[in-house]
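Below is one structure, written out as structure tokens; the observations come after it.
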Amino acid sequence: MPNLRLLTWNINSVRLRLPLLAEVVRELAPDVVCLQETKCPDEFFPHEAIAALGFPYRTARGMKGYNGTAILSKLPFAERAADPNWCERGDCRHVGVDLDVPGGLELHDFYVPAGGDIPDRDLNPKFAHKLDFLAEVTAWTAARGPAKRAVLVGDLNIAPLEDDVWSHRQLLKIVSHTPVEVAALNAWAAAGEWHDAIRHFVPPPEKLYTWWSYRAKDWLAADRGRRLDHIWCSQDLAGKLARHHIHKAARGWTQASDHVPVLLELAL
DNA sequence: ATGGTTGCTCCGCAA
């Protein structure tokens, strides 16, 4: 089969940014799109409009106002309905599918809790939730053993490497780049023997970002980004990584998301 | 050191 083009994007409202999703599809021609922060209850998910973009297979797990994940596909898949309800919250932070490609492919789309502003689990319940969520997914991953024929994508809300942030030193106490979060993310990846498919193409010390704050006067000039969005693959796919693309231009679009699409092409 | 913007929803909260 031709290469599989997988895209992940924190769209920050699927309804508001439907025209931008169409533009992403037009420019990057993904076969599978994993969205986060759809902010859309399932009964309002824009299925018809997305079907018209060329995605006959779709699954959405959304809720009112916050969170929400969705997978849109040109290829058939079976939804993984039995995956856990993280932290018993039902807060729509994960959806997984088994893609119908030769040899099969398990695909997981995650939206890890952002964690609030104070990096202390005793002072900040949102930070405690982030760490608890990471501990839970790590235990689940460890129990399942090394990932095989699998890809994990999403807004993991952690920039693990020094070169995943504009200033390692200045962000050490900023939620998303604290040592405790980085250790938790690394433990999760280690538990499944996941391979960082994007850093495979762009090793440190090259800077790499997927998110730029809305609060900057000039996001491009300041370039104070962070790499919060990730694509991991199982070791058996590491030799099949064909190319990647971080669609930085999308950050400059009118009414942009603060995250940009990240694409991985796999030679299955 | 601080404040800055956005989206959803209900006028604050999460990011």
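Below, chains carry the letters A, B, ... as their sequence lines are ordered, and counting in each starts from 1.
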Measure [atom1]/[X] against [atom2]/[N] and give the value in whole Å, please.
{"X": "A/Asp218", "N": "B/dG4", "atom1": "CG", "atom2": "P", "result": "17 Å"}
{"X": "A/Ile174", "N": "B/dT2", "atom1": "CD1", "atom2": "P", "result": "12 Å"}
{"X": "A/His259", "N": "B/dA15", "atom1": "NE2", "atom2": "C1'", "result": "8 Å"}
{"X": "A/Trp211", "N": "B/dA15", "atom1": "CH2", "atom2": "C1'", "result": "8 Å"}
{"X": "A/Leu16", "N": "B/dC8", "atom1": "CG", "atom2": "C1'", "result": "10 Å"}
{"X": "A/Arg17", "N": "B/dC8", "atom1": "CZ", "atom2": "C1'", "result": "12 Å"}
{"X": "A/Asp117", "N": "B/dG4", "atom1": "CG", "atom2": "C1'", "result": "12 Å"}
{"X": "A/Met63", "N": "B/dT9", "atom1": "CE", "atom2": "P", "result": "10 Å"}

- Query: So does A/Asp83 have more than 12 non-hydrogen atoms from other groups sitting under 6.0 Å from CG?
  - Reply: yes
Mind checking the [atom1] distance from [N] to [M]? Whole angstroms is fine.
{"N": "B/dT2", "M": "B/dT6", "atom1": "P", "value": "23 Å"}
{"N": "B/dT9", "M": "B/dA15", "atom1": "P", "value": "15 Å"}
{"N": "B/dG4", "M": "B/dA14", "atom1": "C1'", "value": "16 Å"}

- Task: Select from A/Arg224 and A/Asn67 the residue whose nearest nucleotide in DNA chain B is closer to the 5' end of that strand.
- Result: A/Arg224
- Query: For A/Asn157 and A/Tyr214, take the nucleotide of DNA chain B holding the closest heavy atom to each; which residue's nucleotide lies nearer the 5' end?
  - Reply: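 Residue closer to the 5' terminus by nearest nucleotide: A/Tyr214.
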- Parallel, tilted or perpendicular: which fits the ring planes of A/Phe133 and A/Phe110, with parallel below 30° and perpendicular above 60°? perpendicular
- Message: Counting the benzene-type ring for Trp, do A/Trp140 and A/Trp86 have ring centres under 6.0 Å apart?
- Response: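 Yes, close enough.
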- Query: Taking the six-membered ring for Trp, is the centroid-to-centroid distance between A/Trp194 and A/His230 below 6.0 Å?
  - Reply: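 They do not qualify: ring centres at least 6.0 Å apart.
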- Task: Salt-bridge test for A/Asp223 and A/Lys248: reply yes if a basic N is under 4.0 Å from a carboxylate O, no otherwise.
- Result: yes
- Message: Of the options B/dA15, B/dC8, B/dA14, whose atoms approach the side-chain atoms of A/Arg93 most closely?
- Response: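 The listed nucleotide nearest to A/Arg93's side chain is B/dA15.
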- Proximity to the side chain of A/Lys64 - top-ranked nucleotide from B/dC13, B/dT9, B/dA15: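 Looking only at heavy atoms from C-beta outward on A/Lys64, the closest nucleotide is B/dT9.
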- Mind checking A/Lys126 for me? I need base, sugar-phosphate or nothing, with any heavy atom below 4.0 Å counting as a touch.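 If one applies the 4.0 Å heavy-atom cut-off, A/Lys126 turns out to touch the sugar-phosphate alone, with no base involved.
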- Query: Using a cut-off of less than 4.0 Å, is there contact between a side-chain N or O of A/Arg215 and OP1 or OP2 of B/dT2?
  - Reply: no
